[in-house]
Participant: 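Pasting a structure below so you can have a look.
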Amino acid sequence: MKDDGYNHRDRCAITGIGATEFSKRSGRSVAALAAEAGLAAITDAGLTPTDIDGVVRSDYDTVHHSDIGQWLGLTNLTYWGATGTGGASPCGMVGQAVAAIMSGQANNVLVYRALNGRSGVRFGKGTAIQQAKGAQRVGGRGTLDEFFLPYGLMAPGQLYALYARRHMLQFGSTAEDLASIAIAVRRRANTNPAAMMSNRTMSITDYFQSRIIAEPLRLFDYCLESDGACAVVVTTAERATDSPQPTVLVRAVTQGTVPEVQGGKVFPALMRPDMLTNPSMSVARELYRRAGLGPAELDVAQLYDCFTITVLLQLEDYGFCAPGEGGAFASSGAIDLTGSIPINTAGGNLSEGYIHGMNHILEGVRQLRGHSTSQVAGAQTCLVTSGAPAMTSAMILRAA
């Protein structure tokens with residue numbers, strides 16, 4: 001039962017973060033990547049594997065709780081869970097860890113995401129059915145997404161291209177607006193030695209010379225495909241005071257969808273009365289209510305950026321600008337490091353690496369510890385969002 005205080009507000013903290021190298025070809029198993037990131041997070045928190053009694057993973061993760069338990073020697077597990085879908089899961093995974101801790105089912109929870117997203121299964125290439133060289137028939141495979149395949153809607157980029165075109169037609173946003181997002185996050189990656197695009201600058205000319213993939217989206221409107229893993233350790237705020245790192249509190253966390261829920265994973269979102277009505281709108285309202293904070297109180301944001309248009313829509317949905325003004329807002333410089341809401345300060349999915357958005361959580365923690373390679377001066381609060389459009393999750397982190 002909810003109360004006006006929202007019982008989880010500032011009651012839990014992220015005490016450890018860990019990541020592997022982000023690459024195009026790791027040459028390693030996904031389990032090995034998960035173990036490396038997990039051990040790094042546990043060590044960062046000042047703990048040992050035997051201190052971990054809970055684990056949470058994405059429903060897309062092939063490394064199950066028993067796998068990570070064996071690889072890391074987690075001999076005291078009393079809780080394990082998973083949530084999704086895919087990129088919508090990272091903040092929700094932290095939320096599940098918070099729920100486990102608040103309900104007394106665990107004390108120290110390891111949350112991880114690992115994938116060989118370039119050398120293995122490439123999510124941007126299309127649906128599992130398409131990757132398996134198509135289907136002889138449509139129906140019976142457990143998801144409504146497959147019913148869009150006969151009409152040529154096969155890959156996520158095609159869906160987001162429709163979002164981009166609709167926003168352009170309805171509100172007058174432009175390709176230059178999308179370019180401003182791609183260039184802004186690339187600048188942040190250029191200062192981050194761990195980013196895949198660390199050594200690759202981008203100009204407006206570079207952007208427009210990149211090839212069209214799904215009109216109006218170009219190559220640099222797309223996120224990276226990466227091999228790698230990220231992990232965090234969640235515990236109570238009280239235990240966090242014993243951590244060797246500055247305490248970063250989970251102010252509030254929320255999952256949600258639109259009122260008229262569609263089945264499937266991504267494509268059925270097109271069947272809504274208004275395709276630009278996304279779950280981030282309702283999640284934002286609930287998140288701010290739970291946090292007792294609003295967009296004006298946020299110092300920095302790590303916005304899920306599978307595509308540049310996703311960022312544009314979230315700028316509106318999370319209240320940083322009015323509906324329809326996301327393009328102009330991004331182009332104004334407001335999302336740059338010295339702007340009103342700096343975003344994706346490690347480079348994000350577009351230029352740091354694509355670990356289904358788990359890397360956004362790590363960067364949020366680094367910002368509030370004061371350890372970012374693109375540090376926002378005096379940052380005390382950070383919004384972190386996860387993917388859309390079928391469902392999403394988000395949280396606000398706060399420096400203690």
Participant: Just by distance, with hydrogens left out, do Y79 and Q96 show a side-chain donor and acceptor under 3.5 Å apart?
Facilitator: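 Present: a donor and an acceptor within the cut-off.
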Participant: Side chains of T392 and S280: any donor to acceptor distance under 3.5 Å?
Facilitator: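 Note: S280 and T392 side chains miss the donor-acceptor criterion.
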Participant: Can you name the closest pair of heavy atoms from G357 and N349 and give their distance?
Facilitator: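 Where G357 meets N349 most closely, the heavy atoms are N-OD1, 3.7 Å.
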Participant: For the atom pair CG (D44) and CD1 (I14), what is the distance rounded to the nearest 0.5 Å?
Facilitator: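 So the gap between those two atoms works out to 11.0 Å.
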Participant: How many angstroms lie between atom CZ of R398 and atom OG1 of T247, to the nearest 0.5 angstrom?
Facilitator: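 Reported value, rounded in 0.5 Å steps: 10.5 Å.
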Participant: Between the side chains of T201 and N190, is a donor N or O closer than 3.5 angstrom to an acceptor N or O?
Facilitator: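 The answer is no; no qualifying pair exists.
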Participant: Which pairs with one or both residues in residues 204-236 pass ring-ring contact (aromatic ring centres under 6.0 Å, His included), sequence neighbours excluded?
Facilitator: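 For residues 204-236, and leaving out neighbouring residues, the ring-ring contact (aromatic ring centres under 6.0 Å, His included) pairs sorted by first residue read Y222-F307.
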Participant: Do Y160 and P389 come close enough that some side-chain heavy atom pair is under 4.5 Å?
Facilitator: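 Heavy-atom side-chain distance check passes, below 4.5 Å.
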Participant: If a pair satisfies salt bridge (Lys or Arg N to Asp or Glu O under 4.0 Å) and one of its residues is in residues 191-208, list it, with sequence neighbours excluded.
Facilitator: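 Every candidate salt bridge (Lys or Arg N to Asp or Glu O under 4.0 Å) pair involving residues 191-208 fails, so no pair, neighbours aside, qualifies.
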Participant: Got more than 12 heavy atoms from elsewhere within 6.0 Å of CD, E21?
Facilitator: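 Counting neighbours around CD of E21, 12 or fewer heavy atoms of other residues, nucleotides or ligands fall under 6.0 Å, so no.
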Participant: Should the pair H167 and F171 be assigned to parallel (<30°), tilted (30 to 60°) or perpendicular (>60°) ring geometry?
Facilitator: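 It falls in the tilted class, 30° to 60°.
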Participant: Does atom CD of E176 have more than 12 heavy-atom neighbours from other groups under 6.0 Å away?
Facilitator: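 Correct, the count exceeds 12.
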